[in-house]
Amino acid sequence: MNLTQRPAAPAPAAVDLGFAVTGVEPQRFASLPTLSFHLEITRSGGGPVRSISLTTAIRIAVTGRRYSADEQRALAELFGTPERWGTTLRPLAWAQTTLTVPPFEDSTTVELTVPCGYDTELAVTKYLRAVREGEVPLDFLFSGTVFFTTPQGLLSTARISWARQTACRLPAALWHELMDRYYGESPWLRLSPDTYELLDGYRSRRMLTGWDETVRHLLAQAAADPGRTP
């Protein structure tokens with residue numbers, strides 16, 4: 001008995017997405033300092049996009065700029081002395097965000113919001129504090145799933161490869177202005193509860209008026225007598 005095979009259904013036309021960061025600005029009225037990156041997404045091939053589950057990894061491409069002598073000294077803790085930078089300079093992971101992109105036909109623009117903490121122990125914060133002039137080179141790497149309509153009117157999906165990426169140059173002054181707006185001239189340090197209690201006890205015993213005075217008092221004692229325990 002001869003069996004007639006049905007012709008295979010045609011594969012859905014592939015959706016090709018392009019990404020570009022077209023601008024960045026501080027997010028207004030945020031409770032924490034936050035930068036908002038304008039991300040333009042364009043479609044070619046396939047059908048209209050129904051939605052995108054988009055993950056974006058942002059990293060600082062530290063080799064993408066030159067550094068002044070002051071910046072080199074400030075970055076020594078992260079990368080060592082400049083003569084070693086040929087082997088020690090590595091990208092710094094900054095943030096990873098996930099958002100759902102709404103439907104669009106050919107192109108759309110969405111906002112990538114990146115909270116900017118001021119934890120001075122983080123490598124990214126140390127880097128951004130050290131770089132005060134010029135621009136900070138950033139790489140944006142994308143992954144996720146795109147849902148689109150085929151020419152036959154069916155819903156289909158495709159994966160977005162990590163190979164999809166774009167670059168952006170963040171004005172260094174913008175980050176510093178944002179930090180100054182939220183924290184002024186008072187960067188903060190994270191202490192364990194035990195260390196805080198010891199420091200608070202030291203302040204109380206010497207009737208010091210504030211934390212700045214307390215730390216300066218300790219530093220002055222250490223400079224005067226390095227071997228003495230406060």
Side chains of [X] and [Y] in contact at under 4.5 Å (non-hydrogen atoms):
X: V110; Y: I52; answer: no
X: R66; Y: E71; answer: no
X: T108; Y: V49; answer: no
X: R181; Y: P26; answer: yes
X: R129; Y: M179; answer: no

Identify the heavy atoms of [X] and [Y] that sit nearest to each other, and give their distance.
X: D139; Y: A167; answer: OD1-CB, 4.0 Å
X: P82; Y: Q72; answer: CG-OE1, 3.3 Å
X: L32; Y: T34; answer: O-OG1, 2.9 Å
X: L75; Y: A130; answer: CD2-CB, 3.6 Å
X: A93; Y: R59; answer: CA-CB, 4.1 Å
X: W94; Y: P115; answer: NE1-O, 4.4 Å

*Are any side-chain N or O atoms of R164 and backbone N or O atoms of F19, one a donor and one an acceptor, separated by less than 3.5 Å?*
no
*asked:* Whether the side chain of H176 engages the backbone of V131 through a donor-acceptor N/O pair (distance < 3.5 Å, no angle test) should be reported.
replied: yes
Hey, what do you get for [atom1] ([X]) to [atom2] ([Y]), rounding to the nearest 0.5 Å?
X: T166; Y: L138; atom1: OG1; atom2: CG; value: 10.5 Å
X: T97; Y: L99; atom1: OG1; atom2: CG; value: 5.5 Å
X: Y67; Y: W85; atom1: OH; atom2: CH2; value: 6.5 Å
X: F142; Y: L39; atom1: CZ; atom2: CG; value: 4.5 Å
X: D16; Y: R43; atom1: CG; atom2: CZ; value: 10.5 Å
X: L178; Y: Y183; atom1: CG; atom2: OH; value: 9.0 Å

Under 6.0 Å from the [atom1] atom of [X], do we count more than 12 heavy atoms belonging to anything else shown?
X: Q96; atom1: CD; value: yes
X: E25; atom1: CD; value: yes
X: R50; atom1: CZ; value: no

*Do L17 and F147 share a hydrophobic cluster (ILVMFWY, side-chain heavy atoms under 4.5 Å, transitive)?*
no
*V24 with Y182, same ILVMFWY side-chain cluster at under 4.5 Å*: yes
_The test is side chain to side chain contact (heavy atoms under 4.5 Å, CB included); show your working for V136 and W175 and say whether it passes._
CA-CA 10 Å; V136 177; W175 185 87; over 6 Å; no
*Kindly write out the residues that satisfy ring pair (Phe, Tyr, Trp, His ring centres under 6.0 Å) with Y127, not counting sequence neighbours, or none if the list is empty.*
none
*Hey, mind stepping through V146 and V101 against side chain to side chain contact (heavy atoms under 4.5 Å, CB included) and telling me if it holds?*
CA-CA 9 Å; V146 54; V101 179; over 6 Å; no
